[in-house]
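Only one structure is covered here, and it is reproduced in the block below.
Everything numeric here is computed off the predicted structure, so don't read it as measured data. Because only heavy atoms are used, hydrogens play no part in the values below, and waters and symmetry mates are left out as well, while side chains stay in.
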Amino acid sequence: VLIHRLLAGLILSSSLGCNLTVHIHLGERPTAPAPVPSPVRPVSAAKHTGHFTVSYIEPVYPSPASTAVRHDLAGVDWGGLDTTFRAYTHGQEQLQTLGFSTLYVAADLPMVFVQETNASGAAPIVPPPLRSPATADVVVARVKELRGTP
Amino acid sequence: VNSPHDVWIPTIQTPDGVTRYLGLIPSPLYGAGILPPAPPHPDELVPVSELEPFDAWPQTLPIMDQASWNACTWFASCQALLYGRYQGGQPYITLDPLYAYLVVTGGRNTGTNLLQAAQAIEVHGIPPLGKTSGPDVREQAARFRMQLTESLTTWPQILSAVARRRPVCGTVCVGRTYNHLDAEGVMGVDRGQANHAIFLGGGLKFSKQHGWCVKHAGSWGTSWGVAGFGWYGEAHFEGAKYGEAYVATGVHEDLASIEPNPPVVG
């Protein structure tokens, strides 16, 4: 019976492509083979399905590198990600209207905030905000990560 | 008298055969009501070592054509507003700078001042094309305004603003050589009183002959220059007496009438 169980375990394990280490302790009651683990799947973050609004807020005198990021972000096909993109400069009155002005200090800019519009029409920030993204791809990757898409 | 009205305005004929009026009116003084030079800020100027060449004109923005209207300040400023909207992620919309120009001039084709145009656009805006015949034209214009405009008075300021992908409007002296672009796409340099307002932005490049140059999107159609574009260097800036320039650091968006609207946080 012991030999049969070991053989069965070996066949099962090899069919799954697993390495199997067999420990035989004579004199002990043989144990049942460990349950076969289910295939490993990547653990996805909580999926956000609402419309996103990505807001890029920059200082009055940003570096050319960070404004190049803003320019690239303006050229992204945001519609394909069910996302709206906007860029603002610190000091614009619209930042107060939209409620951003209390969410940052000027020294932290540029910053990117992602809002998700929910069924009730509210659009809370999805934390955390991104600080000084090096490229537009970093921001797009963040949106895709929140969507749970590769 | 060569204009439809009662003032003499210098003209030039562009390669497409159209007579262009050159009636930019320089500011007499930086007085009350006109944008003052911005106070110096330690971070304002981008160090030359950090200037990076780029040539990235947004495909969605067409070259404008002011035809024989003496409205260079308004067409250049309208392009600045549209470029700023693009950089802000706002959708393209066709605006009507001619309407706004004729409101300011009282219907005369007499030319305007660049900084006053900037100020008027910041306060009153430019209406969309096709929305100027209704009683709500003022409200329509107010939807499309620039914000945080600053006067620029030095070449390093202009370079820095363009390097930051900001919309800049400047001035140039257009004479006999201006229409002759060289192999690098740089306009000919004429020296004298600034007589034409132009949009600057969307590109930056270094030339051994001209030094750093900024891209210029013209307002004389696509048959002028290189498909409507040229490059503007320090010699153009310094060669234009009484020249002036401004940058629009932000662009207002009307939250109530554009879809999808940016939502309020919360």
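- The 12-atom threshold is exceeded at NZ of K205(B), counting heavy atoms of other residues, nucleotides or ligands nearer than 6.0 Å.
- Heavy-atom pairs under 4.5 Å with chain A were tallied for E50(B), Q147(B), R166(B), H252(B); the largest tally goes to R166(B).
- At distances below 3.5 Å, at least one donor-acceptor pair connects side-chain atoms of Q92(A) with backbone N or O atoms of V251(B).
- Of the two parts of T97(A), the backbone and the side chain both hold a non-hydrogen atom closer than 4.5 Å to a non-hydrogen atom of chain B.
- Here the side chain of E52(B) pairs no donor or acceptor atom with the backbone of A65(A) at under 3.5 angstrom.
- When atom types are taken as modelled, the side chain of T89(A) and the backbone of T249(B) share a donor-acceptor pair closer than 3.5 angstrom.
- Across V46(B) and P64(A), no two heavy atoms sit closer than the pair CG1-CG, 3.5 Å.
- In E139(B), the CD atom is crowded: over 12 heavy atoms of neighbouring residues, nucleotides or ligands sit closer than 6.0 Å.
- The part of Y88(A) that comes within reach of chain B is its side chain, from C-beta onward, which places non-hydrogen atoms under 4.5 angstrom from that chain.
- Checked by atom type, the side-chain pair Q87(B)/H71(A) shows a donor-acceptor distance below 3.5 Å.
- For A161(B), no part lies under 4.5 angstrom from a heavy atom of chain A.
- Counting only heavy atoms from C-beta outward, the side chains of L98(A) and P262(B) approach each other to under 4.5 Å.
- At a 4.5 Å heavy-atom cutoff, L73(A) makes no contact with chain B through either its backbone or its side chain.
- With hydrogens and angles disregarded, a donor-acceptor distance shorter than 3.5 Å links the side chain of R70(A) to the backbone of R165(B).
- Residue V265(B) forms a side chain to side chain contact (heavy atoms under 4.5 Å, CB included) with just one option from I125(A), T102(A), T53(A), and that option is I125(A).
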